[in-house]
Amino acid sequence: MKIHEYQAREIFRKYGMPVPPGDVCATADEVKAAAARIGKPVVVKAQVHVGGRGKAGGVKIAQTPDDAWEIGKQILGMDIKGLTVKKVLVAQAVDIESEAYIGVIVDRQAKGVTLMASAAGGVDIEEVARETPEKIVKLTVDPLLGINMFQARRLAFAIYDDKKIAGQAAKVLMKLYRAFWENDCSLAEVNPLVVTPDGEVLAIDAKINIDDNALYRHPDIERLRDLDAEVAEEVSAREYGLSFVKLDGNIGCCVNGAGLAMATMDLVKKYGGEPANFLDIGGSSNPEKVVAAMRIIAKDPNVKAILFNIFGGITRCDDVANGLKAALAEFQPDVPLTVRLTGTNEAEGRKILESIGINAKSLMVEAVQAAIDSAGVNPVVPSETLV
Ligand code: GDP
Ligand code: MN
């Protein structure tokens with residue numbers, strides 16, 4: 001789950017990180033009042049779940065409260081990479097001598113938690129990673145041992161020459177790691193971490209992503225969820241307990257089981273289609289879930305065909321078929337539907353589907369090819385045969 005910068009800043013502040021205070025505002029009048037309260041030049045920042053707001057015109061400095069009102073008017077309602085700005089953060093502007101990057105991620109490859117630091121901060125860090133990876137220093141921490149001061153100092157000295165500044169940065173790194181660890185983050189970063197002309201180290205941007213599977217341990221963070229800022233389909237899928245990830249393809253996939261869903265997506269690609277989504281309806285034959293799944297898939301204008309791929313294990317095929325029958329009585333998608341049904345009570349399930357005019361396939365390959373055919377996209381049939 002992503003949270004907004006102003007929310008991440010609060011978490012960082014709780015851990016003692018040097019974050020300048022700010023107010024979140026939803027109207028230009030509120031922006032003006034916040035700037036007047038601060039009484040110094042302020043920075044007005046769009047609160048949307050994407051990076052590169054600065055470049056997109058979503059981060060601006062205002063010298064006076066009237067200035068701030070104008071800028072608030074400009075930024076609120078603005079579109080940044082497809083997201084509408086509904087809130088802005090108003091914080092005291094700082095003078096910047098240098099901008100660095102520090103971040104912590106779950107590093108699957110290293111089987112640990114990796115801290116990253118770069119003196120080339122402020123800009124798009126993905127670009128730095130791509131074009132000049134040598135400018136990013138990394139340190140992998142054993143998650144069971146945590147981070148030591150000497151490790152943090154080593155990293156800090158890799159980006160700062162000044163002893164005092166590096167010392168401050170090392171402390172910030174320790175705190176960032178703790179914030180990351182205790183909140184079950186998948187990512188926590190500060191870009192830029194700035195040094196002011198007075199030699200003070202400040203975190204003036206904050207980004208935190210939380211592992212969805214750990215949210216139950218952080219009800220206070222879960223409450224920060226901003227439904228307006230998330231993909232609508234993913235929001236409604238979560239309501240029905242479906243695991244759903246939206247993709248850009250043309251074949252809507254509805255599958256029971258995450259592994260089978262992955263395999264289905266692979267096969268769709270292999271035969272020349274593009275999956276429109278990952279969707280695991282779980283081991284459920286609940287018609288309500290099936291209807292929800294179909295509605296979500298069918299809403300996507302890119303979807304040209306829907307493929308149901310059901311493997312009956314503990315879930316029985318006849319249950320699933322009954323669920324599908326009930327679902328189709330309630331909702332008929334206006335794109336072709338292909339069903340693959342195999343496993344426990346397959347014959348019974350097949351009969352139920354026949355009664356509503358669906359001739360279910362039993363092989364996955366057949367079903368995938370049929371779905372792609374029905375979508376009217378040109379299938380590419382690989383030479384070898386799969387089961
Ligand atoms: P992002 O573009 O979405 O990552 O937003 P940031 O919060 O990182 O802001 C983008 C850039 O705006 C930063 O890299 C800074 O150069 C600049 N900026 C942000 N806040 C301030 C500030 O308080 N003072 C000054 N001088 N520049 C700022
Ligand atoms: Mn930034």
Side-chain angles (χ1 to χ4, degrees), residues 2-13 17-25 31 34-65 67-68 71-72 74-76 78-105 116-130 135-136 159-160 169 172-173 176 179-180 185 187-209 226 229:
K2 292 179 177 174
I3 60 174
H4 286 298
E5 176 196 357
Y6 75 92
Q7 299 164 327
R9 282 167 87 119
E10 281 312 310
I11 293 176
F12 285 168
R13 206 194 314 278
M17 288 169 63
V19 180
D23 288 310
V24 62
C25 304
V31 173
R37 209 163 33 242
I38 292 168
K40 303 224 170 83
V42 294
V43 58
V44 182
K45 310 179 73 176
Q47 299 297 292
V48 278
H49 288 170
V50 285
R53 294 164 303 165
K55 265 191 207 156
V59 177
K60 291 217 164 95
I61 292 181
Q63 300 300 329
T64 64
D67 236 15
I71 290 173
Q74 270 172 38
I75 296 181
L76 284 162
M78 184 176 176
D79 179 283
I80 299 184
K81 299 181 187 171
L83 298 169
T84 306
V85 181
K86 302 208 165 136
K87 287 178 198 150
V88 292
L89 172 74
V90 180
Q92 186 179 327
V94 300
D95 290 331
I96 299 177
E97 189 110 318
S98 71
E99 302 192 33
Y101 168 93
I102 56 170
V104 189
I105 54 156
M116 292 176 295
S118 175
V123 286
D124 187 358
I125 198 69
E126 282 82 12
E127 200 180 302
V128 178
R130 227 178 8 251
K135 287 191 180 161
I136 301 177
I159 57 168
Y160 295 117
V172 177
L173 278 164
L176 179 67
F180 171 92
C185 299
L187 174 137
E189 68 178 26
V190 176
N191 187 24
L193 180 72
V194 303
V195 178
T196 66
D198 306 333
E200 201 183 354
V201 174
L202 294 175
I204 67 164
D205 191 9
K207 183 170 175 187
I208 283 182
N209 294 347
D226 181 356

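The chain is numbered in sequence order, starting from 1. First listed ligand is number 1; within each ligand, the first listed atom is number 1.
- By the criterion of a heavy-atom distance under 4.0 Å, the side chain of I61, and not its backbone, is placed next to ligand 1.
- Results of the side chain to side chain contact (heavy atoms under 4.5 Å, CB included) test with K60 over I71, V43, V88 single out I71 as the only residue that passes.
- Atoms of ligand 1 found under 4.0 Å from any heavy atom of A93, numbered from 1 in the order shown, are 23 (O).
- Of all the listed residues (A203, G54, P20), G54 holds the heavy atom that lies closest to atom 2 (O) of ligand 1.
- For atom 28 (C) of ligand 1, the choice among D205, I96, I80 with the nearest heavy atom turns out to be I96.
- Under 4.0 angstrom from ligand 1, there are no non-hydrogen atoms of K55.
- Considering each of V190, V59, V42, the one bringing a non-hydrogen atom nearest atom 12 (O) of ligand 1 is V59.
- Shown here, atom 19 (C) of ligand 1 is in close reach of the protein: a heavy atom of it lies under 4.0 Å off.
- Taking every non-hydrogen atom of K45 and a distance limit under 4.0 Å, the qualifying atoms of ligand 1 come out as 6 (P), 7 (O).
- Between the O atom of N191 and the OD2 atom of D205, the angle centred on the Mn ion (ligand 2) amounts to 90° when rounded to 10°.
- Close approach of ligand 1 to G122 is summarised as follows: ligand atoms under 4.0 Å from at least one heavy atom of the residue are 14 (O).
- Atom CE of M17 sits about 5.5 Å away from atom CD1 of I102, to the nearest 0.5 Å.
- For Q47 (side chain) and K45 (main-chain N/O), a donor-acceptor pair under 3.5 Å exists by modelled atom type.
- The pair R130-E126 does not meet the salt-bridge criterion, since no charged nitrogen lies less than 4.0 angstrom from a carboxylate oxygen.
- Rounded to the nearest 0.5 Å, atoms SG (C185) and CD1 (I3) are 7.5 Å apart.
- Between the side chain of R9 and the backbone N or O of H4 there is no donor-acceptor pair closer than 3.5 Å.
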